[in-house]
Number of protein chains: 2
Amino acid sequence: MNLKVYTKYMEKMLTIQKMSQVTGLSTHTLRYYEKIGLISSIRRKENGYRLYSEADIVWVEFLNRLRAIGMPIQQMQEYAALRMKGDETITQRRKMLEDYNQQVQQQLFEVKQNLSAIQDKIKLYRKMEEEYERSKGLNRLIEGS
Amino acid sequence: MNLKVYTKYMEKMLTIQKMSQVTGLSTHTLRYYEKIGLISSIRRKENGYRLYSEADIVWVEFLNRLRAIGMPIQQMQEYAALRMKGDETITQRRKMLEDYNQQVQQQLFEVKQNLSAIQDKIKLYRKMEEEYERSKGLNRLIEGS
DNA sequence: GCTTGCATTAGAGTTCACTCTAAAGTATAT
DNA sequence: ATATACTTTAGAGTGAACTCTAATGCAAGC
């Protein structure tokens, strides 16, 4: 009889390829993030292949969120280092997130300002285009072309 | 008598240093932008020194806005090329700005989503910290420390 | 057993947007 | 005249965040 032993735990573990599909990071990037300390101590099969857990997925999805709001990798590394130290760093981590949240709010504000100026320019262009259309119509009337 | 002839025009022209102060771009970046075609045909003094006009300032400020909303330099180059062709490219330019405006709106939306998830995490951390404070208080009651 | 498609590593290469350097000429102040 | 502070150019260097390569090993299907 072929007895293969799985724990519930192991059944949920993902290869790097699956992990890549789930998180949207390339396998290259997953290894890179591990190398620079953003992801730590990934489990391995006997043959050395990586195995990612549910918790790893959750963590990488969080990293994705930090990246989506533009946090530089250096800060993510600091955050990851705090996280590895355990629960006594929660206050520091909260403060990091609050600070960065503030920065992003500020950036959003500035982008909106600039975007609004761009939108004004779009409106101006629309008016110039109308003006041009009008003059074409006029020319037709005058020149009968 | 020392007769130095200025036109009103020339009096307003800026050296690269002044231009740098006015626009916030370094002199290096001003030359770089010119080299890659973002800024074109800057006037020169007899000695070859650049002289920037009012119109140049307005244009560089516009470039600054495009950069502030994250437009890649390649697209700015396309835009600048259209601008150099003259008024008949206004419709194309308007469309470029509209398209990019749409993209930024989408990005803003996504950043806000992710930021909101981060803010939830901040709240969670605050609760964990309170919990921890409470348990310290309890311990004092129980252990009398 | 062989092919195809995974995995591993160290380290090199890429892209973007600057940023700086070196060598040389010009301008101003004393 | 000399020091300093500016300007010019071509081209090299930087830092961030990947992205890819090469060499090698493991695994599944036929």
Side-chain angles (χ1 to χ4, degrees), chain A residues 2 4 6 10 13-53 56 60 62-80 100 103 107 111 114, chain B residues 2 4 6 10 13-53 56 60 62-80 100 103 107:
Chain A
N2 187 359
K4 251 190 174 176
Y6 292 115
M10 282 175 72
M13 305 290 280
L14 305 182
T15 64
I16 196 164
Q17 192 99 147
K18 290 278 175 199
M19 185 65 173
S20 168
Q21 283 159 16
V22 169
T23 62
L25 296 181
S26 74
T27 58
H28 292 304
T29 303
L30 283 169
R31 292 197 198 95
Y32 166 65
Y33 275 12
E34 190 176 338
K35 186 157 64 181
I36 65 173
L38 281 187
I39 304 172
S40 62
S41 60
I42 289 304
R43 282 262 230 11
R44 302 286 183 132
K45 283 211 289 215
E46 332 73 50
N47 58 18
Y49 285 21
R50 286 171 181 79
L51 284 177
Y52 293 88
S53 70
D56 295 328
V60 169
F62 178 66
L63 288 179
N64 273 339
R65 238 177 252 118
L66 292 183
R67 200 185 30 162
I69 62 172
M71 182 181 282
I73 277 187
Q74 275 209 16
Q75 274 184 67
M76 292 196 217
Q77 285 172 312
E78 283 175 49
Y79 190 96
Y100 197 73
Q103 283 181 49
Q107 286 169 24
V111 169
N114 284 298
Chain B
N2 187 0
K4 251 191 173 176
Y6 292 114
M10 282 176 72
M13 304 290 279
L14 305 182
T15 66
I16 196 164
Q17 192 100 144
K18 290 280 174 196
M19 185 65 173
S20 167
Q21 283 159 18
V22 169
T23 62
L25 296 182
S26 74
T27 58
H28 291 303
T29 303
L30 283 169
R31 293 195 197 95
Y32 165 66
Y33 275 14
E34 190 177 336
K35 186 158 62 179
I36 65 173
L38 280 187
I39 303 171
S40 62
S41 61
I42 289 304
R43 282 265 230 9
R44 302 285 184 132
K45 282 212 288 214
E46 331 73 50
N47 59 18
Y49 285 21
R50 286 171 181 80
L51 285 177
Y52 294 87
S53 70
D56 294 329
V60 170
F62 178 65
L63 288 180
N64 272 339
R65 238 176 254 120
L66 292 183
R67 200 186 30 164
I69 61 172
M71 183 182 281
I73 277 188
Q74 273 210 15
Q75 274 184 67
M76 292 197 217
Q77 286 171 312
E78 283 175 48
Y79 190 96
Y100 197 72
Q103 282 181 51
Q107 285 169 25

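Below, chains carry the letters A, B, ... as their sequence lines are ordered, and counting in each starts from 1.
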Check for a donor-acceptor pair, side chain of [X] on one end and backbone N or O of [Y] on the other, with a separation under 3.5 Å.
X: Gln77(A); Y: Gly37(A); answer: no
X: Asn64(A); Y: Thr23(A); answer: yes
X: Tyr100(B); Y: Ile69(B); answer: yes

### Summary
When rounded to the nearest 0.5 Å, the distance separating OG1 of Thr15(B) from NZ of Lys45(B) is 7.5 Å
### From CD (Gln74(A)) to CD1 (Ile36(A)), nearest 0.5 Å
10.0 Å
Figure out the [atom1]/[atom2] separation between [X] and [N], and round it to whole Å.
X: Glu46(B); N: dG25(C); atom1: CD; atom2: P; value: 18 Å
X: Leu30(B); N: dT19(C); atom1: CG; atom2: C1'; value: 13 Å
X: Gln77(B); N: dT15(C); atom1: CD; atom2: P; value: 15 Å
X: Leu38(A); N: dC18(D); atom1: CG; atom2: C1'; value: 12 Å

### Query
Are Phe62(B) and Tyr79(B) close enough that their ring centres sit under 6.0 Å apart?
yes
### Contact pattern, 5' to 3', of nucleotides 19-24 of chain D - B, S or - by protein heavy atom under 4.0 Å
BBB---
### Message
Across nucleotides 2-9 of chain C, 5' to 3', mark each nucleotide with B, S or - according to how protein heavy atoms within less than 4.0 Å reach it.
### Response
----BSBB
Looking only at non-hydrogen atoms, find the nearest pair between [X] and [Y] and report the distance.
X: Gln17(A); Y: Thr27(A); answer: NE2-CG2, 3.9 Å
X: Val111(A); Y: Ala68(B); answer: CG2-O, 3.7 Å
X: Leu51(A); Y: Ile42(A); answer: O-CG2, 3.6 Å
X: Ser20(B); Y: Leu30(B); answer: N-CD1, 3.7 Å
X: Met76(B); Y: Met71(B); answer: CE-O, 3.1 Å

#### Entry: Whichever of Gln74(B) and Lys45(B) has its nearest DNA chain C nucleotide further upstream toward 5'
Gln74(B)
### Set of residues satisfying side-chain hydrogen bond (donor to acceptor under 3.5 Å, both in side chains) with respect to Thr29(A), sequence neighbours excluded
Ser26(A)
#### Entry: Qualifying salt bridge (Lys or Arg N to Asp or Glu O under 4.0 Å) pairs, either residue in residues 25-34 of chain A, two or more places apart
Glu34(A)-Arg44(A), Glu34(A)-Arg50(A)
### Query
What parts of residues 63-71 of chain B reach DNA chain C, counting only heavy atoms under 4.0 Å away?
Arg67(B)
### Query
When the C1' atoms of the five terminal pairs at each end define the local axes, what inter-axis angle does the helix from dG1(C)-dC30(D) to dT30(C)-dA1(D) show, to 10 degrees?
0°
### Query
Under 4.0 Å between a side-chain N/O of Tyr33(A) and OP1 or OP2 of dA17(D), yes or no?
no
